[in-house]
Amino acid sequence: MDAKALWQRYQNWLYFHEGLGLYLDVSRMRFDDTFVDSLQPKFDQAFADMVALEKGAIANPDENRMVGHYWLRNPDLAPTPELTQEIAQTLEQIEAFAEKIQTGAIHPPRANRFTDIISIGIGGSALGPQFVAEALSPDFPPLKIHFIDNTDPAGIDRILTQLRNSLASTLVLVISKSGGTPEPRNGMIEVKKAYAGQNLEFSQYAVAITSVDSNLDKIAKAEGWLARFPMYDWVGGRTSEMSTVGLVPAALQGIDIRAILEGAKEMDDATRVADIKNNPAALLALSWYYAGNGKGEKDMVVLPYKDSLLLFSRYLQQLVMESLGKEKDLDGNTVYQGIAVYGNKGSTDQHAYVQQLREGVPNFFATLIEVLEDRQSPSPEIDPGVTSGDYLSGFLQGTRQALYENHRDSITVTIPQVNPRTVGALIALYERAVGLYASLVNINAYHQPGVEAGKKAAAAILDLQKSVIEVLQTEKSPLTLAEIAEKAGATEKIEAIYIILRHLYANQRGVVLHGNLGQPSSLKVSLG
Ligand SMILES: O=P(O)(O)OC[C@H]1O[C@H](O)[C@H](O)[C@@H](O)[C@@H]1O
């Protein structure tokens, strides 16, 4: 396509949202009108599905749940007056709590103010809060947030060591929708021990964000924690940033949560329009479908050219991959759907893997995120008439052009500024795009059956560890791995037993391995 035709295509397809100042450019996705027309019937269905979902249909049939994250930013849309009221009341409760914490009206027993937050949660109970903190937290927030988002002992130590001298003024948020996920539970138990180690009464520092009557909720209630915020069963973890999960930590950091909700609401209004060309989420879903043939054949590389949006790609990874990565479609056919998402930020990645994007295996399409405002104050000149921001902007255009010239397609999303409204809008844009795309390919975007398989297998490994230790406790002389496996009644699990024992040995947990460490069959094992 010559320059003139491309400029025309750019203008024909450019989407602009006036209120948000947001642009979406899909001109560098090479679909044609015939392709768009061919998808129209699927889009008609997708728009209809979305109307039903927003009205409270059971859009997540396997879990028999409504899907209501859109109501969080427009409570009037909720299907019952009770829900509308509950959403509004919870929001007020969050704001009142944040204000009391920030002013010191609620303060820890041994300090005038809370200064820090440890946020314990994983997956949907971490990625949104992490993304929003990185994007929007002020340079000097009223409370500085730290995340424990894993069950890695060294990771937990790092946070607890950094906060060793300020634990007495650190608020702990334990965030888990189900209230039963092992990683946050472990984190909570370890953090609780750290508080006890400093003679601090954990319940006076702890806040639970979880479903009513979950295990976590019961503990928080029984122990009289500082506060409990409800999480609803009609909000999925990966779409929970605008529920208590995301809003409590954001409000505590002094982020304008009403503005996040407002931006999302405006975007929801824009993405409800049943017209592909005038609906930015539909344009994204169309582009994704085109890129990957409706089968996820191409990966989505997300490159925000703004440091504060670094975690957007990680956030989208869960939103897109957990929602769209499905073995079965809604009719039970095996389809192996999904779109792989990865990325960091520009221009940094141009000095790393963009080499492969430009010249290597063409198995992706890029999404460039552009922010028009360089910084809040005027920029110094780096070269005559040129600023650092000009470089950043030039690198974005350069990458887009270099990719296109080599037949690598890209989408560009442009926002005027990184602020609560635009961040809310970005989240809402992608939530809706995922929902529409799921309808196009006929899958349930709101369950995650595959995650359970790994969890069950992990639980079985921990049970096996207990049996192995019991065997070693009853035996006096060292045993081979095969002998242990047989006595534990788990001969087919010998490799797992070996890996368990090697881990225990490495951590001086009372297990001793005798023999050649490189030859598992030569090993004899005893309790030392
Ligand atoms: O919030 P929680 O119930 O602790 O869940 C945390 C995460 O873990 C699960 O395994 C799910 O796959 C995620 O969708 C969820 O966000």
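Counting starts at 1 for both ligands and their atoms, following the listed order.
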Just let me know how Gln448 lines up against ligand 1, side chain, backbone, both or neither, with a heavy-atom cut-off below 4.0 Å.
side chain
Give the contacting part of Glu322 toward ligand 1: side chain, backbone, both or neither, where contact means a heavy-atom distance below 4.0 Å.
side chain
Atom indices of ligand 1, in the order listed, that fall short of 4.0 Å to a heavy atom of Ser178
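Those atoms are 2 (P), 3 (O), 4 (O).
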Against heavy atoms of Gln318, which atoms of ligand 1 measure under 4.0 Å?
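Near Gln318, the atoms of ligand 1 are 13 (C), 14 (O), 16 (O).
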Go through the side-chain N and O atoms of [X] and [Y] and say whether any donor and acceptor fall under 3.5 Å apart.
| X | Y | result |
| --- | --- | --- |
| His447 | Asp62 | yes |
| Asp49 | Gln45 | yes |
| Tyr232 | Thr90 | yes |
| Thr210 | Ser214 | yes |
| Ser203 | Glu201 | yes |

Counting heavy atoms only, name the option from Val451, Thr181, Ile209, Ile175 that's nearest to atom 2 (P) of ligand 1.
Thr181
Out of Ile120, Val174, Ile122, Thr239, indicate the one that has the non-hydrogen atom closest to atom 6 (C) of ligand 1.
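It is Ile122 that holds the nearest heavy atom.
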Strictly under 4.0 Å, does any heavy atom of Lys455 approach an atom of ligand 1?
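A heavy atom of Lys455 does come that close to ligand 1.
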For the 3.5 Å polar cut-off, considering only N or O atoms, please tell me whether Gly124 and ligand 1 meet it.
yes
Test: Glu370 and Lys306 ion pair at under 4.0 Å:
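Result for this pair is no, no salt bridge flagged.
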